[in-house]
Trainee: 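Have a look at this one before I ask anything.
Here is how names work: the chains are called A, B, and so on, in the same order as the sequence lines, proteins then strands, and each is numbered from 1. A quick note: this is a predicted structure, and the numbers were derived from the prediction, not measured.
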Amino acid sequence: MIDKHLAELTVAAVKELFQTEVASANIQIQKTVKDFEGDLTVVIFPFVKIARKSPEQCGEIIGQYLQANSNFITGFNVVKGFLNVVIDEQYYLDFLNENKNINNFGYHAAIAEKPFVVEYSSPNTNKPLHLGHIRNNLLGWSVSEILKANGHPVKKVNLVNDRGIHICKSMVAWMRYGNGETPENSGLKGDHLVGKYYVEFDKAYKQEIKDLVSKNIPQEQAEKEAPILLEAQEMLRKWEQNDADVRALWEKMNNWVYAGFDVTYKRLGVDFDKIYYESNTYLLGKSMVLDGLQKGILNQRPDTSVWADLREDGLDEKLLLRADGTSVYMTQDLGTAKLRYEDFEAQKMMYIVGNEQNYHFDVLKIILKKLNYPFADTIEHVSYGMVELPEGKMKSREGTVVDADDLIQEMVNTARQKTEELGKIDNFESEEAQKLYETLALGALKYFILKVDPTKNMLFNPHESIDFNGNTGPFIQYTHARIRSLLNKSDIETEVLNTKMQAISMNEKEKSVLKLLHDFPQIVRQAGDLYSPALIANYIFELAKEFNSFYQDTPVLREENEELRKFRLALCAFTGQVLKSGLHLLGISAPEKM
RNA sequence: GGUUCCGUAGCUCAGUUGGAUAGAGCAACAGCCUUCUAAGCUGUGGGUCGCGCGUUCGAAUCGCGCCGGAAUCACCA
């Protein structure tokens, strides 16, 4: 990396000129701002004191030293405390020659180590996926790919929350009002069907409360004693007792939901190496809690409920087992953590879970530590922000959730409409066109969501948010398609592209594209360190924009100078490749034509 | 009330370990399709980086205090 060389050279300069040792990491190298001449800039201010000279003088003598002692610096200038260094074009040309034909340029070599286990998605089985899940799924998939690109082995896992009162609610409502409705005979997607009865439950529950209140029963009591709620609780108890009928119904409805989820996952392009079911893991959690109780790490109250006392850690007491012996969310998570650690010998267990659960994961880690499990420290909560709507937070009860399937379909429709308006599909077969709409729609959706810093809450306006112009997925896809089209038209053989570029003189725009390409491996590294697909997204947008600016008024195929033509073709090909790689890390496909 | 996070252009967002005149996209306005795909390019306008104080050669970035918003502190998951 050129900036590291420059930093080391600066260290040597400071040592020689001012007889002072400076750590290379403390040297500040940055890209030169556009308005000034130069490629990289050394910040001089830190040396002013030890040099006992003005910033200008200081920059001047360091600049002279750098130029005299390197073969890649062709000039420099000093503005205030900033030393702008001009890098030899040959350096960038060499970079192009060395990397332009590497398929996975920017990806780092595989490391032989224990895997990163990434949990994401983690749906409940009582309702379909919504916009919040989309952000989760896209982040999980993308972070996994970015980790892989950094050489880490990755296992993607999903933890399905398939048991509990929520699914019983759907079951009760289906028993009462379903009339034998199934996905087959209703044409409804399984998850939507089950979700429909979850809503039915809520309606009936509210009505029953109302009825009770009108009979002068206090609101609070009514909420606890509504018959349909009691039915659901009874069903949960039967479930825990392995009641055959309840289990059969539970399995039937859950399978409807899984079939529905699979369709959505497939359309989103996400997948998993292993799926865990809470119904299979909660008992392990229970046993861990009882074990901790026996060892005196946890404590039991007179009502027999079991608690962890975390007050020494600045937190509260946390319930782990109810008085009736049933488990809670935390209990189950203790079990899955252990199971997962043992399944994969994980180096790291990452949980892609919303920031509303930050507290939960703090508590989880502390309890595991208290219970002396060595894997407590491998847990990493990759916390992401909420997706908000213009009218505020999504609330399923108020019907303001944006359904994942509906949203995707709406995007596909928009993509079709937009494409037809532009008259792009005249020579497309209909099947090909359909595929393109899907590609563009998902490109737009994924990019829109992933370009935002994961840790921040984001706003999604269903009617206005998704655009196909500007800083969007389709813009980058379009840039890629144009490059592919250009390369297809070029009559220069691949062999020619494989040959080494001769020294040519490049213009500012070409150089700027080349400099951006040069940064890609660093961006991948950084995105991996910060678990942030947004860095990739912002980078490929910058690259596509810079490329378009070059592409607009610099002829490639029409260039008569053979060397220059080859150089530009190589630049196009390389840019196309990096755009494709970047899009891939976001789960977005790069169409050949559009 | 305690804890955590957030506040940058009309809107949506970037802004690396503190660095130069705070940047994009959308929206608005003005240009560019007989020329490699106009889902594009070029230009114009738009800012008290929530407010104040402090640290520093230098602060959107660090510290403290306010103001405003969100999440969480559940025998929901």
Side-chain angles (χ1 to χ4, degrees), chain A residues 25-26 28 30-33 35-36 41 43-46 48-49 55 79-82 84 122-124 126 161 163-166 278 303 305 307 314-316 318-324 326-330 332-333 354-360 362-363 383 385-386 388 392-393 415 418-419 421-422 424 440 444 448 451-453 455-461 464-465 467-479 481-490 522-523 526 530 534-535 537-538 541-542 544-545 548-559 568-569 572 593-594:
Chain A
N26 293 335
Q28 295 180 53
Q30 52 192 257
K31 289 187 204 172
T32 303
V33 190
D35 306 344
F36 299 101
T41 296
V43 182
I44 294 300
F45 290 109
V48 171
K49 258 183 197 166
V79 181
K80 293 194 256 179
F82 299 94
N84 302 321
S122 310
N124 290 356
N126 62 324
N161 204 346
R163 88 177 191 102
I165 193 74
H166 55 276
E278 191 198 329
D303 69 355
S305 59
W307 297 73
L315 303 172
D316 251 328
K318 180 74 190 174
L319 176 87
L320 294 176
L321 283 180
R322 297 188 184 98
D324 65 4
T326 57
S327 62
V328 294
Y329 177 42
M330 184 62 72
Q332 165 246 204
D333 252 14
N355 61 15
E356 58 196 349
Q357 292 191 36
N358 287 354
Y359 182 76
H360 172 79
D362 288 346
V363 173
S383 164
M386 308 277 92
E388 281 159 15
K393 205 189 166 187
K418 185 84 187 167
T419 307
E421 268 171 30
L422 289 166
K424 292 256 183 188
L440 289 173
F448 183 84
K451 76 174 174 182
V452 180
D453 179 345
T455 63
K456 288 188 176 171
N457 288 1
M458 65 178 288
L459 187 87
F460 186 91
N461 185 331
E464 292 171 18
S465 285
D467 213 329
F468 289 80
N469 300 319
N471 187 357
T472 64
F475 167 75
I476 299 163
Q477 292 173 313
Y478 177 64
T479 306
R482 286 169 84 180
I483 290 174
R484 294 308 310 164
S485 162
L486 177 91
L487 294 173
N488 288 335
K489 281 187 179 154
S490 86
Q522 252 173 300
I523 300 290
Q526 224 173 342
L530 300 174
L535 294 181
N538 286 310
F541 174 62
E542 201 62 40
K545 210 165 40 135
N548 270 304
S549 172
F550 146 77
Y551 191 77
Q552 188 73 17
D553 49 27
T554 311
V556 177
L557 295 180
R558 296 190 307 278
E559 172 58 48
R568 287 182 183 159
L569 273 168
C572 288
K593 58 176 179 172
M594 60 184 272

Trainee: Where do N or O atoms of nucleotides 17-21 of chain B meet protein N or O atoms at under 3.5 Å, pair by pair?
Mentor:
unit_1 : atom_1 : unit_2  : atom_2 : d
B:rG19 : N7     : A:Gln28 : OE1    : 3.0
B:rA20 : N6     : A:Thr41 : OG1    : 2.8
B:rA20 : N6     : A:Asn84 : OD1    : 3.1
B:rA20 : N1     : A:Asn84 : OD1    : 3.2
B:rU21 : OP1    : A:Lys80 : NZ     : 3.2

Trainee: Which residues pass the ring pair (Phe, Tyr, Trp, His ring centres under 6.0 Å) test with A:His360, sequence neighbours left out?
Mentor: A:Tyr329
Trainee: Would you please name every residue forming a salt bridge (Lys or Arg N to Asp or Glu O under 4.0 Å) with A:Glu559, sequence neighbours left out?
Mentor: A:Arg568
Trainee: Which dot-bracket notation, 5' to 3', represents the base pairing of RNA chain B when pairs are defined as Watson-Crick or G-U with both distances under 3.5 Å, crossing pairs as [ ], and inter-strand pairs as |?
Mentor: (((((((..((((.....[...)))).(((((.......))))).....(((((..]....))))))))))))....
Trainee: In the 5'-to-3' direction, what one-character label does each nucleotide of nucleotides 72-77 of chain B receive under the scheme B = base within less than 4.0 Å of a protein heavy atom, S = sugar-phosphate only, - = no such atom?
Mentor: SS-BSB
Trainee: Using the C1' atom on both, measure B:rC41 against B:rU55 and round to a whole Å.
Mentor: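 These two C1' atoms come out 46 Å apart once rounded.
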Trainee: Any side-chain heavy-atom pair from A:Asn488 and A:Arg484 closer than 4.5 angstrom?
Mentor: yes
Trainee: With sugar-phosphate meaning primed atoms plus P, OP1 and OP2, does A:Leu440 contact a base, only sugar-phosphate, or nothing at under 4.0 Å between heavy atoms?
Mentor: base
Trainee: Rounding to a whole Å, what distance do you find between A:Phe541:CZ and B:rG23:C1'?
Mentor: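 A:Phe541 atom CZ is separated from B:rG23 atom C1' by 11 Å.
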Trainee: Could I get the full list of ring pair (Phe, Tyr, Trp, His ring centres under 6.0 Å) partners for A:Phe36, not counting sequence neighbours?
Mentor: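 None.
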Trainee: Heavy atoms under 4.0 Å, any strand shown: does A:Lys418 hit a base, just sugar-phosphate, or nothing?
Mentor: base
Trainee: Take atom P in B:rG69 and the same atom in B:rG31, then report the distance between them in whole Å.
Mentor: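 About 45 Å, rounded to a whole number of Å.
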Trainee: Which letters describe nucleotides 6-15 of chain B, given B = protein heavy atom under 4.0 Å from base, S = only from sugar-phosphate, - = neither?
Mentor: -S----SSS-
Trainee: Counting the atoms with a prime plus P, OP1 and OP2 as sugar-phosphate, which does A:Thr326 contact under 4.0 Å by heavy atoms, base, sugar-phosphate, or nothing?
Mentor: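 Result for A:Thr326 = nothing.
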Trainee: Which protein N or O atoms sit under 3.5 Å from an N or O of nucleotides 32-37 of chain B?
Mentor:
unit_1 : atom_1 : unit_2   : atom_2 : d
B:rU35 : O2'    : A:Arg558 : NH1    : 2.8
B:rC36 : O3'    : A:Lys489 : NZ     : 3.4
B:rC36 : O2     : A:Leu557 : N      : 3.0
B:rC36 : N3     : A:Val556 : N      : 3.3
B:rC36 : N4     : A:Tyr551 : O      : 2.4
B:rC36 : N4     : A:Thr554 : O      : 2.7
B:rU37 : OP1    : A:Ser485 : OG     : 3.2
B:rU37 : OP2    : A:Lys489 : NZ     : 2.5
B:rU37 : O2'    : A:Tyr478 : OH     : 2.2
B:rU37 : O2'    : A:Arg482 : NE     : 2.9
B:rU37 : O2     : A:Lys424 : NZ     : 2.7
B:rU37 : N3     : A:Met594 : O      : 2.8
B:rU37 : O4     : A:Met594 : N      : 3.2

Trainee: Please identify each residue that fulfils salt bridge (Lys or Arg N to Asp or Glu O under 4.0 Å) with A:Lys31, with sequence neighbours left out.
Mentor: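 Listed in chain order: A:Asp519.
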Trainee: Can you list the residues that meet the side chain to side chain contact (heavy atoms under 4.5 Å, CB included) rule with A:Ala415, with sequence neighbours excluded?
Mentor: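 With sequence neighbours excluded, A:Ala415 shows a side chain to side chain contact (heavy atoms under 4.5 Å, CB included) to A:Tyr437, A:Leu440, A:Ala441, A:Phe468, given in chain and number order.
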Trainee: Closer than 3.5 angstrom, by distance alone: can the side chain of A:Asp453 be matched with the main-chain N or O of A:Thr455 as a donor-acceptor pair?
Mentor: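 Yes: the side chain of A:Asp453 pairs with the backbone of A:Thr455.
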Trainee: Considering every strand and a 4.0 Å limit on heavy-atom distances, what is the contact class for A:Gln477: base, sugar-phosphate, or nothing?
Mentor: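 Answer is nothing: A:Gln477 stays at 4.0 Å or more from every strand.
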Trainee: Judged by each residue's nearest nucleotide on RNA chain B, which is more toward the 5′ side, A:Asp467 or A:Glu388?
Mentor: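 The answer here is A:Asp467.
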Trainee: Output the rounded distance in Å from CG (A:Asn548) to P (B:rA24).
Mentor: 16 Å
Trainee: Applying side chain to side chain contact (heavy atoms under 4.5 Å, CB included), name anything that partners A:Asn461, two or more places apart in sequence or on another chain.
Mentor: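 Side chain to side chain contact (heavy atoms under 4.5 Å, CB included) check on A:Asn461 returns A:Pro390, A:His463, A:Glu464, A:Ser465.
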Trainee: List the residues meeting side chain to side chain contact (heavy atoms under 4.5 Å, CB included) with A:Phe541, not counting sequence neighbours, and say none if there are none.
Mentor: A:Tyr447, A:Asn471, A:Phe475, A:Ile476, A:Lys545
Trainee: Check the distance between B:rG25's P and A:Asn469's CG and give it to me in whole angstrom.
Mentor: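 About 12 Å, once rounded to whole Å.
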